[in-house]
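Working notes, beginning with the structure itself.
Every value quoted in this text rests on a predicted model; they were computed, and no experiment measured them.
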Amino acid sequence: MKKHSARVAPLSACNSPVLTLTKVEGDERSRESPAPAEAQMQAGAEGGGRVNRCCWKCSVTQLKKIFWGVAVVLGVCSSWSGSTQLAKLTFKKFDAPFTLTWFATNWNFLFFPLYYLGHVFKSTEKQSPKQRYRECCRFFGDNGLTLKVFFTKAAPFGVLWTLTNYLYLHAIKKINTTDVSVLFCCNKAFVFLLSWIVLRDRFMGVRIVAAIFAIAGIVMMTYADGFHSHSVIGIALVVGSASMSALYKVLFKLLLGSAKFGEAALFLSVLAAFNVLFITCIPVILYFTKVEYWSSFDIVPWGNLCGFSILLLTFNILLNFGIAITYPTLISLGIVLSVPVNAVVDHYTSEIVFNSVRVIAIIIIGLGFLLLLLPEEWDVWVIKLLTRLKVRKKEEIPEGNGDIASGLPNKSRRTRPSMSSFAH
């Protein structure tokens, strides 16, 4: 917003002095002598040049935003598909999805330190870490991050965060990554349905259609493998993960509203603290009950675990802070583009069969996801576009009739002298 205002202010500042100058000079010259046409043309050229310069700056700004948008889309796509494939590879050596979830969530501690580094490099008014922390704590209320706020406003989201990631990773063990990634795209449809019911958001027919597409795609994806128990469990797990993700987003909007970048970074770091304090006991229990057991810590693929955690951290950073440099719609496209990437990898590394039912299910879910990216006022824009096209057609038809009508008398005038000369 600061950059935007910095660009708008010079535009208004350089226009208004030009207008006042031309008015004063015009009044003085009208008293002494009439202003020459060349001076007026020169003034108009200067004003037009400045407007063109401002328009050029705006177009360059938009191009930069699109360029950064493409970079963010590629980053989101590569980090999301890369983390999914790396998790699949990790489970061949280390079959512990909950432990992997716990380990990756601990990396959320880095959110606030990384944000503070960005604040130090970018902000003109630099604050100490303690000052910045206190300012961001206002997001939780007037009293800041108290123990009561921690358990009422942070703990539920920590549980939802853990469930979302665990169910997603557990689904990767059951079914291929292509099905997991495309089914997780249904979370946007679930967000719309929950927002419509809980938050009383605006009803949009096109989003209802998108939700129907998502449900139809889930059913077709289940049918693609013949309703085997293994695939049905995997599909149920990833749909549960998408539902937890949707519930997380809707509850965040309901209880906390919208957050600034620093507040969001602090909130995600607080989730990591909750994970360490209250979730650590679960992997320990799973280890000693041999549900998620490994014989020695030497066989743990630490490289895969750290690689997965870094990719997931990168994905969350781009997803939460990418809107600072580009459009939110472009960021969402990166999640959809991860589906064909996973499909190509699965084609060469697994025995996935892309039958007609699976392909149609992928297309339907992808189409529903894209429909949900349409802005709320898309129908108004379409109506305006159709109205403009109709007006242009109406303007072109009278011009064409005028040319024909004006051409007829000319022809009659030309033919009359020839007829009279012939008769004479």
Side-chain angles (χ1 to χ4, degrees), residues 70 73-93 95 97 100 164-190 209-243 245-246 304 307-308 311-312 315 329-373:
V70 172
V73 165
L74 294 176
V76 170
C77 176
S78 57
S79 59
W80 185 236
S81 57
S83 62
T84 303
Q85 293 296 333
L86 193 56
K88 187 82 171 179
L89 186 64
T90 303
F91 290 145
K92 295 178 180 179
K93 305 175 183 178
D95 189 9
L100 182 58
T164 299
N165 288 281
Y166 169 68
L167 293 174
Y168 185 86
L169 292 175
H170 198 67
I172 292 175
K173 288 177 55 182
K174 302 291 183 181
I175 55 178
N176 57 74
T177 57
T178 304
D179 293 352
V180 172
S181 58
V182 73
L183 287 169
F184 191 77
C185 290
C186 295
N187 76 321
K188 209 162 185 67
F190 299 156
V209 173
I212 294 171
F213 280 175
I215 295 170
I218 293 169
V219 175
M220 292 184 70
M221 192 68 74
T222 309
Y223 178 74
D225 288 330
F227 292 98
H228 297 298
S229 61
H230 207 64
S231 62
V232 170
I233 293 172
I235 291 169
L237 288 170
V238 70
V239 171
S241 174
S243 303
S245 174
N304 288 3
F308 171 79
L311 287 172
L312 194 61
F315 170 77
T329 303
L330 290 178
I331 299 173
S332 299
L333 285 175
I335 300 173
V336 182
L337 291 176
S338 66
V339 176
V341 172
N342 286 322
V344 171
V345 175
D346 284 346
H347 178 71
Y348 290 102
T349 60
S350 64
E351 298 178 354
I352 185 173
V353 178
F354 288 100
N355 52 29
S356 58
V357 178
R358 176 174 271 110
V359 172
I360 292 171
I362 292 173
I363 293 172
I364 286 176
I365 294 175
L367 183 60
F369 188 91
L370 294 175
L371 287 175
L372 288 165
L373 295 181

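Partners of V344 by side chain to side chain contact (heavy atoms under 4.5 Å, CB included), not counting sequence neighbours, listed by chain and number: Y348. Annotation: side chain to side chain contact (heavy atoms under 4.5 Å, CB included) contacts of L370 (sequence neighbours excluded): L333, L373. In this structure S241 satisfies the side chain to side chain donor-acceptor pair (under 3.5 Å) test with no other residue, sequence neighbours excluded. Qualifying side chain to side chain contact (heavy atoms under 4.5 Å, CB included) partners for V239, counting only residues two or more places apart in sequence or in other chains: F190, I218, I235, S243. Taking the salt bridge (Lys or Arg N to Asp or Glu O under 4.0 Å) definition, one finds that K174 meets it with nothing, sequence neighbours left out. Listed by chain and number, the residues in a side chain to side chain contact (heavy atoms under 4.5 Å, CB included) with V238 are Y168, A171, V180, L183, F184 (sequence neighbours excluded).
You'll find the side chain of I360 stays beyond 4.5 Å of the side chain of V357, heavy atoms only. Residues S338 and T84 are not in side-chain contact: their nearest non-hydrogen atoms beyond the backbone lie 4.5 Å or more apart. K188 is listed as a side-chain neighbour of S332, based on a closest heavy-atom distance under 4.5 Å. In this structure, the side chains of V341 and L337 stay at 4.5 Å or more apart for every pair of heavy atoms. At least one side-chain heavy atom of F315 sits under 4.5 Å from a side-chain heavy atom of I335.
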Step by step, work out the side chain to side chain contact (heavy atoms under 4.5 Å, CB included) result for L100 and F91.
-> CA-CA 10 Å; L100 182 58; F91 290 145; 3.9 Å; yes

Report the C-alpha separation of N165 and L312 in whole Å, then their side-chain angles, then the decisive distance to 0.1 Å, and conclude whether the side chain to side chain contact (heavy atoms under 4.5 Å, CB included) test is met.
-> CA-CA 10 Å; N165 288 281; L312 194 61; 3.9 Å; yes

Please step through side chain to side chain contact (heavy atoms under 4.5 Å, CB included) for the pair I365 and F213, ending with a clear verdict.
-> CA-CA 6 Å; I365 294 175; F213 280 175; over 6 Å; no

Take V345 and S81 through the test side chain to side chain contact (heavy atoms under 4.5 Å, CB included) and record every step on the way to the result.
-> CA-CA 10 Å; V345 175; S81 57; over 6 Å; no

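Residues N187 and A246 approach most closely at O-CB, 3.8 Å, considering heavy atoms. Of all heavy-atom pairs between C185 and V339, the closest is SG-CG2, 4.2 Å. Looking at every heavy atom in both residues, L311 comes nearest to S79 through O-CB, 3.6 Å. Of all non-hydrogen atoms in G368 and A210, the two that sit nearest each other are O-CB, 3.3 Å. Scanning both residues, A189 and A211, for their nearest heavy atoms gives CB-CA, 3.9 Å. Residues L169 and P97 approach most closely at CD1-O, 3.8 Å, considering heavy atoms.
Judged by distance alone, with hydrogens and angles left aside, the side-chain atoms of N176 form no donor-acceptor pair with the main-chain N or O of I352 at under 3.5 Å.
Rounding to the nearest 0.5 angstrom, the gap separating the CZ atom in R358 from the CE atom in M220 is 11.0 Å.
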